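No experiment lies behind these values; they were computed from the predicted model shown. Note that these values count all heavy atoms, side chains included, but never hydrogens, waters or copies made by symmetry.
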Amino acid sequence: MQLGLIGLGKMGGNMRERIRRAGHTVIGYDRNPEVSDVKSLAELVEKLDAPRNIWVMVPAGTATQTVVDELGDLLQPGDTVIDGGNSRWTDDEKHAAALAIKGIGFVDAGVSGGVWGLQNGYALMVGGDKEHVERLHPIFEALKPEGPYGYVHAGRVGAGHFSKMVHNGIEYAMMQAYAEGWELLEKVHSVENVREVFRSWQEGTVIRSWLLDLAVNALDEDEHLEKLRGYAEDSGEGRWTVEAAIDNAVPLPAITASLFARFASRQDDSPQMKMIAALRNQFGGHAVETKD
């Protein structure tokens, strides 16, 4: 199967490689000519056979809007655009409506896997019409982890990104819990080996998880996280999750508190945020701020 892939950064580049390893043809475009297979979006479209499938993997907001608008002018009826970035679900609805006027399909795909996706596969939460989603099934199968799970057609357009948004909201709360526990353990004098306490939780406990494994990785690299500044960004999905909870009158105290804790990190050198920053770097390759 052929796929055009726009955006070959930390995730997009690895996704291209994983899909190719599954035997599919991927033609990638990126503003960086060193990683791009073609020189322009127009050349990308020209090299694909109709009906074309083009996956957009660029930052949410203006960048995605610009690419979708340009594809709307380049593609033909019967082609499909897939937005695999972290777009807001309400943007998906607008993009789908605008492209539908031109006979172009639209699918939104929430993608989780970060810098580990090439090796482990990507969890995929997909929204869109059944006909468009089913046509892309071979690509989803190539990207997902081995085994029966890791891919879901979550519902209509917007459902994929809404599901990924909630996933990231839960991620906020889980990271916050690990960070708070780590700070408390570091604070008391009786616990002398906090890193090994975390390691002891990796087997046989109800709080073992991949995030816990990554926390241990971070502590192996910097046992007391002394090299990091206690500052952590929020990527947008946490805010959108809380806003959606307000709109739907759903109480989310843990997720909301974890979002506010990140805001607090921008005021002080928060020990908890050192762990949050370390975890975000471990699973997603997100930048960290180091002390001078």
Side-chain angles (χ1 to χ4, degrees), residues 1-59 63-85 87 92 95-96 98-113 117-146 150-154 157 160-161:
M1 186 173 184
Q2 284 188 332
L3 181 74
L5 181 58
I6 300 170
L8 303 171
K10 288 179 293 188
M11 286 187 67
N14 283 343
M15 289 168 64
R16 175 176 62 174
E17 178 62 23
R18 186 171 175 88
I19 297 169
R20 285 176 173 173
R21 289 180 184 180
H24 302 290
T25 299
V26 184
I27 302 173
Y29 169 71
D30 193 275
R31 291 183 300 176
N32 179 1
E34 295 183 3
V35 300
S36 188
D37 300 317
V38 293
K39 296 179 180 178
S40 66
L41 290 185
E43 185 182 353
L44 173 65
V45 171
E46 182 182 338
K47 286 184 176 292
L48 294 169
D49 298 330
R52 303 168 187 84
N53 303 301
I54 298 187
W55 191 302
V56 180
M57 206 68 190
V58 302
T64 295
Q65 184 68 60
T66 300
V67 172
V68 170
D69 288 344
E70 188 169 350
L71 288 175
D73 294 332
L74 292 170
L75 296 177
Q76 299 173 350
D79 295 343
T80 303
V81 174
I82 309 99
D83 180 6
S87 295
D92 297 327
H95 294 156
L99 293 173
I101 295 173
K102 302 179 179 183
I104 302 168
F106 181 85
V107 170
D108 61 287
V111 183
S112 182
L118 176 58
Q119 174 183 341
N120 299 335
Y122 300 88
L124 302 169
M125 297 139 274
V126 177
D129 293 345
K130 184 178 180 181
E131 61 174 307
H132 300 140
V133 172
E134 288 186 347
R135 193 172 86 190
L136 293 160
H137 189 73
I139 299 300
F140 299 144
E141 282 293 318
L143 286 170
K144 67 180 283 295
E146 297 293 330
Y151 159 68
V152 61
H153 182 188
V157 166
H161 281 144

How long is the straight-line distance from CD1 of Ile139 back to CG of Leu124, given to the nearest 0.5 Å? 11.0 Å

Which pair of non-hydrogen atoms, one from Pro145 and one from Tyr122, has the smallest distance, and what is that distance? CD-O, 3.2 Å

Could you list all the salt bridge (charged side-chain N to carboxylate O under 4.0 Å, His left out) pairs where at least one residue sits in residues 47-57, not counting sequence neighbours? Arg52-Asp79

Side chain to side chain contact (heavy atoms under 4.5 Å, CB included) between Asn32 and Leu8, intermediate numbers included: CA-CA 8 Å; Asn32 179 1; Leu8 303 171; over 6 Å; no

Heavy-atom pair of closest approach, residues Gly85 and Met57: N-SD, 4.1 Å

Mind listing the side-chain donor-acceptor pairs of residues 67-76 below 3.5 Å, one per line with the distance, residues two or more places apart or on another chain?
unit_1: Asp69; atom_1: OD1; unit_2: Gln65; atom_2: NE2; d: 2.9
unit_1: Asp69; atom_1: OD2; unit_2: Gln65; atom_2: NE2; d: 3.4
unit_1: Asp73; atom_1: OD1; unit_2: Lys102; atom_2: NZ; d: 3.2

Looking at Arg135 and Asn53, what are the two nearest heavy atoms and their distance? NH2-OD1, 2.6 Å

Fit a plane to each ring of Tyr151 and His137, take the angle between them on a 0 to 90° scale, and name the class: parallel (under 30°), tilted (30 to 60°) or perpendicular (over 60°). perpendicular

Find out whether Val133 and Phe140 are in side-chain contact, i.e. whether some heavy atom of one side chain is under 4.5 Å from a heavy atom of the other. yes

Test item: Tyr29 and Glu43 side chains (from C-beta on) under 4.5 Å apart, heavy atoms: no

Check whether any side-chain heavy atom of His161 lies under 4.5 Å from a side-chain heavy atom of Asp83, and answer yes or no. yes

Table please: side-chain donor-acceptor pairs of residues 16-24 below 3.5 Å, with sequence neighbours left out.
unit_1: Arg16; atom_1: NH1; unit_2: Val35; atom_2: O; d: 3.0
unit_1: Arg16; atom_1: NH1; unit_2: Asp37; atom_2: OD1; d: 3.2
unit_1: Arg16; atom_1: NH1; unit_2: Asp37; atom_2: OD2; d: 3.1
unit_1: Arg16; atom_1: NH2; unit_2: Val35; atom_2: O; d: 3.3
unit_1: Glu17; atom_1: OE2; unit_2: Arg21; atom_2: NE; d: 3.0
unit_1: Arg18; atom_1: NE; unit_2: Ala142; atom_2: O; d: 3.1
unit_1: Arg18; atom_1: NE; unit_2: Leu143; atom_2: O; d: 3.1
unit_1: Arg18; atom_1: NH1; unit_2: Leu118; atom_2: O; d: 3.0
unit_1: Arg18; atom_1: NH2; unit_2: Lys144; atom_2: O; d: 3.0
unit_1: Arg20; atom_1: NE; unit_2: Val26; atom_2: O; d: 3.3
unit_1: Arg20; atom_1: NH2; unit_2: Val26; atom_2: O; d: 2.8
unit_1: Arg20; atom_1: NH2; unit_2: Asp37; atom_2: OD2; d: 2.9
unit_1: His24; atom_1: ND1; unit_2: Met1; atom_2: N; d: 3.2

Please report the closest heavy-atom contact between Val58 and Ile6, naming both atoms and the distance. CG1-O, 3.8 Å

Drop me the distance from Leu3's CG to Leu48's CG, to the nearest 0.5 angstrom. 7.5 Å

Exercise: identify the closest heavy-atom pair between Ala154 and Gly160: CB-N, 4.5 Å

Determine yes or no for a side-chain-to-main-chain donor-acceptor pair under 3.5 angstrom, with His132 supplying the side chain and Gly127 the backbone. no

Heavy-atom nearest pair, Leu99 first then Phe106, reads CD1-CD1, 3.8 Å

Nearest-0.5 Å distance that lies between atom NZ in Lys10 and atom CE in Met15: 14.5 Å

